[in-house]
Number of protein chains: 2
Amino acid sequence: MDYDREFLTGTVTVLILALLNERAMYAYEILQEAERRSARAFQMKEGTIYPALHQMERGGLLKAEWRQGESGRARKYYSLTAKGRKKAQSKREQWEAISAAMRMILGDLHG
Amino acid sequence: MDYDREFLTGTVTVLILALLNERAMYAYEILQEAERRSARAFQMKEGTIYPALHQMERGGLLKAEWRQGESGRARKYYSLTAKGRKKAQSKREQWEAISAAMRMILGDLHG
DNA sequence: TATCATACCTTGTTCGACAAGGCAAAGGGC
DNA sequence: GCCCTTTGCCTTGTCGAACAAGGTATGATA
């Protein structure tokens with residue numbers, strides 16, 4: 001299914017926070033993990049995720065760390081700060097509230 | 001709860017189409033009905049809904065009709081065209097797909 | 001009579017997702 | 001060895017949706 005771009009607005013930040021809340025990941029990994037878990041519904045673009053990560057880092061939600069794996073090149077791993085964990089919780093609650101409100105309007109006809 | 005603006009992006013069009021799919025309404029009525037049904041989660045602004053309605057009308061999704069009620073001033077009622085009904089269905093499906101994908105990422109921990 | 005809610009509208013700003021590029025290293029095929 | 005793809009990092013500029021902040025006018029209410 002192709003999605004109207006407007007639907008993806010707002011999901012990116014929640015997605016990043018939710019994934020990093022589980023473990024540290026690097027940008028490219030986040031892209032792939034989101035795509036995999038959502039059964040390809042989410043296909044974030046690099047032009048979306050890199051600026052988003054930088055902005056969140058500047059905002060003190062994330063901290064970045066370069067790690068040199070045994071093989072392959074160094075990767076920049078992001079993890080949540082304490083502030084980031086709070087934000088993850090808050091964003092999650094917001095999403096769930098919006099989602100519940102939408103169901104009230106749309107009716108719960110299709111599950 | 002206050003919502004980050006980004007979360008509301010994309011919901012406006014779905015909301016309007018879903019409400020008008022039930023019956024013809026005028027703009028101000030849509031604002032109030034969405035607020036009422038969502039338990040005040042949605043509080044669309046006039047600067048959001050009027051341009052949205054005009055654009056959807058130009059796009060052939062809606063048709064407008066002035067109706068003079070028995071009391072009070074004339075109101076501009078909007079209703080869906082055939083094209084609008086199709087769009088309503090499509091947008092609804094998109095929303096549900098996104099919503100399902102989000103649950104896959106967030107985990108279904110909170111229902 | 002004054003004020004509030006209703007009811008229509010517009011202009012300009014802000015901000016997030018994206019398109020379209022660029023750079024460099026690692027690995028596989030030939 | 002050489003090329004091409006994938007990985008993995010990044011930036012700049014554009015587009016579009018929601019909103020803030022204004023405007024106008026009518027009807028109801030105190």
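Computation of the quantities below employed the complete heavy-atom set of this structure, encompassing side-chain atoms and omitting hydrogens, waters and symmetry-equivalent molecules. Everything numeric here is computed off the predicted structure, so don't read it as measured data. Numbers restart at 1 for each chain; the letters A, B, ... are given by sequence-line order, proteins then strands.
- Judged as a side-chain contact (heavy atoms from CB on, under 4.5 Å), and not counting sequence neighbours, the contacts of S38(A) are A41(A), F42(A), A101(B), I105(B).
- With sequence neighbours excluded, no residue satisfies side-chain hydrogen bond (donor to acceptor under 3.5 Å, both in side chains) with R5(A).
- Shown here are the salt bridge (Lys or Arg N to Asp or Glu O under 4.0 Å) partners of R40(A), two or more places apart in sequence or in another chain: E35(A).
- OP1 or OP2 of dT10(C) sits under 4.0 Å from a side-chain N or O of H54(B).
- Side chain of E65(B) to backbone of Y78(B): no donor-acceptor contact under 3.5 angstrom is found.
- Considering only residues two or more places apart in sequence or on other chains, T13(A) meets the side-chain contact (heavy atoms from CB on, under 4.5 Å) condition with L17(A), M56(A), K91(A), E6(B).
- Every pair tested for side chain to side chain donor-acceptor pair (under 3.5 Å) that includes a residue from residues 42-58 of chain A fails, sequence neighbours excluded, so the list is empty.
- Distance CZ (F7(A)) to P (dA17(D)): 12 Å, rounded to an integer number of Å.
- Taking side-chain N and O atoms only, Y50(B) has no distance below 4.0 Å to OP1 or OP2 of dC9(C).
- Rounded to whole angstrom, the span from the OH atom of Y78(B) across to the C1' atom of dC8(C) amounts to 9 Å.
- Applying the salt bridge (Lys or Arg N to Asp or Glu O under 4.0 Å) rule to E93(A) yields no partners; only residues at least two apart in sequence or on another chain are considered.
- Summarising the geometry, the separation between CZ on R58(B) and P on dC9(C) is reported as 12 Å, rounded to the nearest angstrom.
- Look at CE on M56(B): it is 13 Å from C1' on dA17(D), rounded to the nearest Å.
- The nearest whole Å value for the distance from the CD atom in E65(A) to the C1' atom in dG8(D) is 17 Å.
- The separation between R67(B) atom CZ and dC8(C) atom P is 12 Å, rounded to whole Å.
- In this structure K83(B) satisfies the side-chain contact (heavy atoms from CB on, under 4.5 Å) test together with L61(B), T81(B), sequence neighbours excluded.
- Applying a 4.0 Å cut-off to non-hydrogen atoms, the residues of residues 25-42 of chain B that approach DNA chain C are Y26(B), A27(B), Y28(B), Q32(B), listed by residue number.
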Exercise. Go along nucleotides 14-20 of chain C 5' to 3' and tag each nucleotide: B for a protein heavy atom under 4.0 Å from its base, S when only backbone or sugar atoms are that close, - otherwise.
Key: B-SBBBB
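- Residues W95(A) and F7(B) have side chains in contact (heavy-atom distance under 4.5 Å, counting atoms from C-beta outward).
- Residues satisfying the salt bridge (Lys or Arg N to Asp or Glu O under 4.0 Å) criterion with R23(B), sequence neighbours excluded, are E29(B).
- Rounded to an integer number of Å, the gap from Q68(A) CD to dA25(C) P is 12 Å.
- Looking at residues two or more places apart in sequence or on another chain, you find a side-chain contact (heavy atoms from CB on, under 4.5 Å) between A24(B) and R67(B), Y77(B), S79(B).
- With hydrogens and angles ignored, a donor-acceptor pair under 3.5 angstrom links the side chain of R73(B) to the base of dA7(C).
- If one axis is set at each end of the helix from dT1(C)-dA30(D) to dC30(C)-dG1(D) from five pairs, those axes are 20° apart, to 10°.
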